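Quick note: residue numbers are just sequence positions, from 1. Quick caveat, the model's predicted, so the values are computed rather than measured. Whatever order the structure lists ligands and atoms in, that order sets their numbers, starting from 1.
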Amino acid sequence: MSIATQLPSEERLERGALESLQGRKLGELVGQLQGRNRFYTRKLEAAGVRALGLRFPRDLALLPFTTKAELTDDQAANPPWGSALTEPLPHYTRYCQTSSTTGRPLRWIDTNESWQWLLECWKAVYRAARVGPGDRAFFPFSFGPFLGFWAAFDAGSQAGVHCVPGGGMSSPLRLSLIESLAIDVVCCTPTYALHLAEVAAGERVRLRESRVRVVIVAGEPGGSIPATRSRIEQAWGARVIDHHGLTEVGPLSFECWEAPGFLHLNESRFLCEVVDAATLRPVPDGSRGELVVTSLGRSASPVLRYRTGDVVVRRSEPCACGRSWARLEGGILARADDMVNVRGVNVYPAAIEAVVRGFPEIVEFRSTVSRSHEMRSLSLEIEPAPGAPGPEALAAAVGKRIREALGLTVPVRAVESRTLPRFEMKARRFVVEE
Ligand SMILES: [Zn+2]
């Protein structure tokens, strides 16, 4: 049995108090970076900013934005660590890298102190997921250089959760551990939660009868796509709690038990802005914009006004859970750089997933954008569950639903069972051929 945890006061601060806390932490951060962190010292100087005399949040707009391209360029110019470090190199004890598809992963290192700060962020995720002492959590995750669930594992142990690593194991072996160790909580990507359910069905493992009551998902937008999350909840007989973070930012947001479909921003540890991606001006609550984040306590490897590329809609109304932290409606709606323009229509992978996951008889899919004669075209392959009747009719139904949702005619083809790839980490179901 898990012990219900009272919300700490930092999660209930009223907005004025929250903003002054953020302002104080931001002032301290800028003070720590200036003169010590070469990358940010250069950027602050170029922007004409002096830490002394800055007043936050009023002066936030004076601070420069940071992009991922600037950071990767900096690491290329100053290999291997770049110049965005605040502490002397021997102080760093952790190494992670981003799961870049472009072949230029970003290296991100932490000190014991900045790592501990990450763990505190993860403890807020566990509180929201109602996971605590007495629970046993399983991490079917490869524990490679991706940040992924490393911090979740350490934070869980510190919070009194019994943590079981599941790296280097086949899916059937993982399923048998979930049963034999009486696992309460599973942490993985939405894709892998679905994959384990598919394997369980083939192995005649009754997942719904396991003790698992919460599946904490991260790493892909699926956890906030209603059709995807309801498939996971159905298959596991458990509650899905979505969580979102970035290697270079940290464990940023999470869903609370009381209000599914939203992600709370951890506003006492991150300063979050939502801006128009073209003008970089703030957009009002309820409007789409790009999420920009400043990590307020990871000063050893910080980001200042970091453009995440995540397209979000923020809501600041009070939440039924009692947290005052603002929420992202519908989670991460899209990644700005994932968008592909096909015959004049902007297509986001999440939009395709939302349609396909609405068909319970489809177990896997892949969409391919190809180019011929300067024209881009999109096609979709779907893999029906073994024994599902009428693959042609199913393909036609998916095509019709996509036409309604995207306004685009997309050829849909049903493929044989087990022909499409399965994924443990970041799924690549959206292939762009250049
Ligand atoms: Zn809430």
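Among protein atoms, those of element N, O or S found less than 2.8 Å away from the Zn ion (ligand 1) are C256 SG, H264 NE2, C319 SG, C321 SG.
To the nearest 0.5 angstrom, R327 atom CZ is 10.5 Å from D285 atom CG.
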Next on the checklist: Checking C272 against L252 for the side chain to side chain contact (heavy atoms under 4.5 Å, CB included) test, could you report, in this order, the C-alpha distance in whole Å, the side-chain angles of both residues, the deciding distance, and whether it holds?
Outcome noted: CA-CA 9 Å; C272 302; L252 174 62; 3.9 Å; yes

Next on the checklist: Please determine whether side chain to side chain contact (heavy atoms under 4.5 Å, CB included) holds for the pair L63 and T294, giving the CA-CA distance in whole Å, both sets of side-chain angles, and the decisive distance to 0.1 Å.
Outcome noted: CA-CA 11 Å; L63 299 182; T294 299; over 6 Å; no

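The minimum heavy-atom distance between W117 and S295, with the atom names listed, is CH2-CB, 4.0 Å.
Between R36 and E87 there is a salt bridge, with a side-chain nitrogen of the basic residue lying less than 4.0 Å from a carboxylate oxygen of the acidic one. In this structure, E255 pairs ionically with R229, as a charged nitrogen and a carboxylate oxygen lie closer than 4.0 Å.
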